[in-house]
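To start, the structure under review is shown below, and the notes come after it.
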Amino acid sequence: MGYAISMPLAFDLVPGTKRTPAEQLTTILEEPGFVKHFSDHMAVASWTEAEGWHDSRIENYHTLQMPPGAAVLHYAQEIFEGLKAYRHEDGNVWLFRPEMNARRLRASAERLSLPQLPEEDFLTSVHRLVRIDEAWVPSGEEMSYYLRPFVFADEEFIGVRSATSASYMVIGGAAGPYLSDALTAVDIWLTTDYSRTGEAGTGAAKCGGNYASSLLAQRDGAIHGCSQVLFTDAATHEWIEELGGMNFFAVTDQGTLITPPTSGTILEGITRDSILALASDHGYGVDVRPLSVEELMTRTQAGEMVEAFACGTAAVVSGIGNIKYRQGDQVLELNFGQKVGEVTRTLRQALVDIQWGRAEDTHGWMHPVKEL
Ligand SMILES: *Cc1c(COP(=O)(O)O)cnc(C)c1O
C-alpha cells in the first residue's frame with residue numbers, strides 16, 4: 001500500500017512536554033522490572049490512504065482516545081516490533097540492528113494489509129525517541145531501554161476490509177533482565193493441542209493476533225510450571241516450530257546448532273539470526289533444517305542432543321531445562337539439566353558482550369543513537 005508519496009517524517013518534539021523529575025526517575029531506574037514504567041515520550045505518526053504517512057511528532061506518553069468502532073478492536077489489524085537501546089560503559093547509547101526491525105515491520109505490514117512505514121522513518125522515530133528520553137536508558141548489567149513500535153488500524157468502521165487509516169507509535173521504558181537468573185534453565189511446555197499459526201497464515205509476521213492465539217496454550221503450560229510454550233506445526237504436530245515469542249534451538253553433543261527454517265510459519269528472529277552468525281564465528285556447526293519432535297526426543301534421550309535454548313530480544317537467550325509434554329493422561333519430561341549448557345552460555349555471553357559494548361562488534365550490528 002501507500003497510495004500517496006510521503007515526505008520523510010521528522011518526528012519533531014512537541015513543545016512544552018513534561019519530564020519525570022530526576023529523583024523520581026532514579027528510583028524507577030533502580031528497579032525497573034521489565035518496562036513497568038513507560039518513559040516520558042512517545043513517537044506518533046498517522047497514515048491515511050489519501051495522504052500517506054503524515055503528522056509525525058514526539059509527544060508526552062499519554063492515554064489514547066479511540067472510537068469503540070476502531071477496526072483494530074474488532075479485527076486485530078495490528079503489528080509490532082521490539083528492540084533495545086543499550087548504555088555502554090562510556091555513557092553512550094546504542095541500538096542493536098534497528099534496520100532489521102524496520103524491515104521486518106514492513107514485512108509484517110504487508111501480511112496484515114497495513115501501510116508500510118518507510119525504513120528511514122522507522123529509524124528516525126526510534127533514534128529521536130531514545131535521544132529525547134535518553135535519561136531513561138539505565139546503565140548496569142543486563143539493563144536496557146526497551147522500545148515497542150507498533151502499527152494499528154484506527155479507522156472507525158465495522159465492515160470487513162483493510163482499514164484506510166492507521167497509526168504508528170513507539171513507546172518504551174527501562175528494562176531489567178527478563179529472567180531474574182540467566183544461568184538457571186527454564187521449563188517449557190510442548191503443545192500438540194494448540195497452534196499459534198498455520199501454513200500460509202500469519203506466523204512469519206509479528207502481529208498481536210499470533211500472541212492472542214498462543215495464550216491458552218501458555219496457560220496450559222503454566223499449570224505444569226512452564227513459563228513458555230513450544231509450538232509444533234499445525235498440520236501434523238510432528239515438527240518443532242518455535243515458542244510464542246522466541247525461536248528454538250537444539251545443540252548436539254558435537255557442538256552443532258539445529259534450528260528450523262523460518263520460511264512461512266516461523267518468525268525471523270533477529271536474535272536467532274545473530275546467534276547463527278555468532279555460532280559460526282565460534283566454530284560451532286549450524287544446521288538450519290526441519291527438526292521433528294521424534295528426533296528431538298530420541299536423540300536427547302540417547303545423549304546426542306545435549307542443550308536446548310530459546311532466543312528473542314526481551315530475554316536474549318534462555319536455556320531450557322525440561323521440555324514437558326502430555327502423552328495420554330501422563331505428563332512426561334525431556335530433560336536437559338537444571339543449568340544452562342556451555343554452548344548456550346558461550347553464545348549468550350558473546351551476544352550480550354557485543355550489545356553492551358564489551359566485545360568488538362565485528363558484524364557492524366551496533367548503531368550509536370544519533371541526533372537526527
Ligand atoms: C519477536 C519474536 C521472536 C524473536 O524475535 P527477535 O527479533 O529475536 O526479538 C521470535 N518468535 C516470535 C513469534 C516473535 O514474535
Side-chain angles (χ1 to χ4, degrees), residues 34-35 76 78-86 95-109 111-112 119 122 126 142 144-151 170 172 175 177-179 186 188-189 191 194-198 201-215 217-218 221 227-234 240-249 257 259-279 288 291 308-318 320 344 347-348 350-352 354-355 363 365-367:
F34 197 86
V35 198
E78 187 265 357
I79 54 172
F80 67 94
E81 271 304 322
L83 70 162
K84 287 173 172 172
Y86 309 81
L95 290 162
F96 180 74
R97 310 186 75 181
E99 74 290 354
M100 298 286 278
N101 300 93
R103 198 184 308 164
R104 191 170 63 189
L105 187 71
R106 282 177 63 110
S108 298
R111 182 62 187 85
L112 273 286
E119 287 162 33
F122 177 95
V126 299
E142 303 257 334
S144 61
Y145 175 83
Y146 184 84
L147 290 133
R148 167 52 56 85
F150 57 109
V151 179
V170 190
Y178 197 77
L179 300 169
V186 297
I188 61 169
W189 180 249
T191 185
Y194 301 107
S195 303
R196 57 180 281 280
T197 177
T202 54
K206 208 167 179 71
C207 66
N210 291 344
Y211 280 69
S213 79
S214 77
L215 296 178
Q218 188 170 324
S227 54
Q228 300 277 332
V229 176
L230 178 55
F231 288 92
T232 48
D233 73 295
I240 300 286
E241 293 206 324
E242 63 170 322
L243 281 72
M246 298 173 96
N247 294 110
F248 178 85
F249 281 83
L257 277 70
T259 192
T262 50
S263 48
T265 52
I266 300 177
L267 188 111
E268 275 183 48
I270 297 162
T271 318
R272 172 187 179 279
D273 183 74
S274 309
I275 288 289
L276 286 171
L278 292 174
V288 178
L291 172 62
F309 66 85
C311 67
T313 298
V316 195
V317 172
S318 305
I320 292 169
T344 305
L347 292 172
R348 182 182 207 284
L351 181 55
V352 297
I354 293 171
Q355 291 173 329
H363 295 276
W365 287 337
M366 303 307 293
H367 295 254

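Counting starts at 1 for both ligands and their atoms, following the listed order.
Counting atoms of ligand 1 from 1 in the listed order, those under 4.0 Å from a heavy atom of G312 are 4 (C), 8 (O), 9 (O). Proximity to Y211 (heavy-atom distance under 4.0 Å) selects the following atoms of ligand 1: 1 (C), 2 (C), 14 (C), 15 (O). Atom numbering of ligand 1 starts at 1 in the shown order; those under 4.0 Å from a heavy atom of T313 are 6 (P), 7 (O), 8 (O), 9 (O). Near G269, with a cut-off below 4.0 Å to any heavy atom, the atoms of ligand 1 are 5 (O), 6 (P), 7 (O), 8 (O). Of all atoms in ligand 1, listed by their number and element, those nearer than 4.0 Å to a heavy atom of R196 are 13 (C).
Of the possible polar contacts, one joining the N210 side chain to the T202 backbone as a donor-acceptor pair under 3.5 Å is found. R196 places no side-chain N or O within 3.5 Å of a backbone atom of S214 that could act as its donor or acceptor partner. For T265 (side chain) and G198 (main-chain N/O), no donor-acceptor pair under 3.5 Å exists by modelled atom type. Under a 3.5 Å cut-off, the side chain of D273 and the backbone N or O of E268 do not form any donor-acceptor pair. In terms of modelled atom types and a separation under 3.5 Å, the side chain of R148 and the main chain of E81 share a donor-acceptor contact.
Considering both main-chain and side-chain atoms, I270 comes within under 3.5 Å of ligand 1 through a nitrogen or oxygen pair. When only interatomic distances are considered, the shortest N/O to N/O separation between E242 and ligand 1 falls below 3.5 Å. At under 3.5 Å, not a single nitrogen or oxygen of E268, backbone or side chain, sits near a nitrogen or oxygen of ligand 1.
Put simply, CD1 on I188 and CZ on F231 are 10.5 Å apart, with the number rounded to the nearest 0.5 Å.
Protein heavy atom at the shortest distance from atom 8 (O) of ligand 1 is T271 OG1, 2.6 Å.
At a 4.0 Å cut-off, not a single heavy atom of E81 sits close enough to ligand 1 to count as contact. Taking 4.0 Å as the cut-off, G244 counts as a neighbour of ligand 1 on heavy-atom distance. The shortest separation from a heavy atom of R104 to ligand 1 is under 4.0 Å, placing the residue in contact.
Between F80 and Y211, the gap from one ring centroid to the other is short of 6.0 Å.
Aromatic ring pairs are classed by plane angle as parallel below 30°, tilted from 30° to 60° and perpendicular above 60°; the pair F96 and Y86 is perpendicular.
Among M246, K206, R272, the residue whose heavy atom lies closest to atom 2 (C) of ligand 1 is K206. Of the listed residues (A310, S108, G245), the one carrying the non-hydrogen atom nearest atom 4 (C) of ligand 1 is G245.
You'll find the side chain of F248 reaches within 4.5 Å of the side chain of L291, heavy atoms only.
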